[in-house]
Amino acid sequence: MENENIKKPEDEIIEDILTDDGEDEIEEEIVPEGELLTSFEYNVTNEEEEKAFLIFQKKYVYKHNWLVTALFGVIAVLFIISIVKNPGGYLNWVLMFICLFMIFATWFNTVRIRKYLISALKALEDDRYRFTLYEDSFKIETIFTEEEMQQEDFVPVKPRVVKFEDISLNIIENNEMFIIILKKETIYVLSKRVISEDDRKLLREKFSEVLGEDLEIMDK
């Protein structure tokens, strides 16, 4: 898929996840000011990451893919009609196959990006994190073991603090997880398997307060 408009949202997510070292100067200065509401530790499996990214693609990428499919599909049909009328027209055959290839490449690249990202995140599957919810923001930080911190090449990852009023925020909840999408660039996955019922309710109420009807609830 060569169109940069199609690749950009997902490519930015991959770059952000794989290169984020916590050294963003703006986010270093953000300090939670609101009341602490809850805090819990969690981890994310590779399967959960893939499900979350697939949901992201369906929300932000598939619409564009279907538009590309419809456009090239209509053009391909026109060339097929020309081929029926004039089977010997070599150019019509070539152009028809180009249209079909563009449709294939659009969807193939969407799958390729997802598989690449999930493969890259496999190494992080055993990492643990802490999510802290405040009245005005939330914080996500990586939890390091004593052994990791004593290594010579250890580089601490600074917590990321997100103030609700300062960022474009989309949140999707389904039966398995909360998916937090920041500026259509970064995804955080909070699996319900490690969140207590009380904290689930608190998250849902707070996200609903912040987003209103924009909080998206999915059955699956």
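Quick note: residue numbers are just sequence positions, from 1. No experiment lies behind these values; they were computed from the predicted model shown.
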Legend entry - No-hydrogen, no-angle side-chain donor-acceptor test under 3.5 Å, Ser208 and Glu205: no
Inset, instruction - Determine the minimum heavy-atom distance between Ile103 and Gly73, stating which atoms define it. - result: CD1-N, 3.7 Å
Inset, instruction - Spell out, as yes or no, whether a donor-acceptor pair under 3.5 Å connects the side chain of Gln150 to the backbone of Glu147. - result: no
Inset, instruction - Could you tell me whether the side chains of Thr110 and Asn65 share a donor-acceptor contact shorter than 3.5 Å? - result: yes
Inset, instruction - Answer yes or no: does atom CD of Gln151 have more than 12 heavy-atom neighbours from other residues, nucleotides or ligands under 6.0 Å? - result: yes
Inset, instruction - Compute the ring centroids of Phe101 and Phe97, then answer whether they are less than 6.0 Å apart. - result: no
Legend entry - Between CD1 on residue Ile179 and CG on residue Leu190, distance to nearest 0.5 Å: 10.0 Å
Inset, instruction - Provide the full list of salt bridge (Lys or Arg N to Asp or Glu O under 4.0 Å) pairs with a residue in residues 54-79, sequence neighbours left out, each pair given once. - result: Lys59-Glu216
Inset, instruction - Could you label the plane-to-plane angle of the Tyr60 and Phe56 rings as parallel, tilted or perpendicular, counting under 30° as parallel and over 60° as perpendicular? - result: tilted
Inset, instruction - Return yes if a side-chain donor-acceptor contact under 3.5 Å exists between Arg114 and Asn109, otherwise no. - result: no
Inset, instruction - Mind checking the OG1-CG spacing from Thr45 to Leu124? Nearest 0.5 Å is all I need. - result: 12.5 Å
Inset, instruction - Mind listing the closest non-hydrogen atom pair of Val189 and Ile187 along with its distance? - result: CG2-CG2, 4.1 Å
Inset, instruction - Locate the shortest heavy-atom distance separating Glu125 from Asn46; write the atom from each residue and the value. - result: OE2-N, 2.9 Å
Inset, instruction - Decide whether Thr38 and Asp199 meet the rule of one side-chain donor and one side-chain acceptor closer than 3.5 Å. - result: yes
Legend entry - Atom pair CZ/CZ of Phe40 and Arg200 - distance to nearest 0.5 Å: 10.0 Å
Legend entry - Mutual orientation of the aromatic rings belonging to Phe138 and Tyr188 [parallel < 30°, tilted 30-60°, perpendicular > 60°]: perpendicular
Inset, instruction - Not counting sequence neighbours, list each pair that qualifies as a ring-ring contact (aromatic ring centres under 6.0 Å, His included) and has a residue in residues 65-96. - result: Trp66-Trp107
Inset, instruction - Measure from NZ or CZ of Lys192 to the centre of the six-membered ring of Phe178 and say whether it is under 6.0 Å with the direction within 45° of the ring axis. - result: yes
Inset, instruction - Indicate yes or no for a side-chain donor-acceptor contact from Thr186 to the backbone of Leu182 under 3.5 Å, with no hydrogens or angles considered. - result: no
Legend entry - Atom CD of Glu47 with >12 non-hydrogen neighbours under 6.0 angstrom: no
Legend entry - Exam field: side chain Lys206 to backbone Leu133, donor-acceptor pair closer than 3.5 Å: no
Inset, instruction - Taking only Lys NZ, Arg NE, NH1 and NH2, and the carboxylate oxygens of Asp or Glu, determine whether Lys51 and Glu48 approach each other closer than 4.0 Å. - result: no
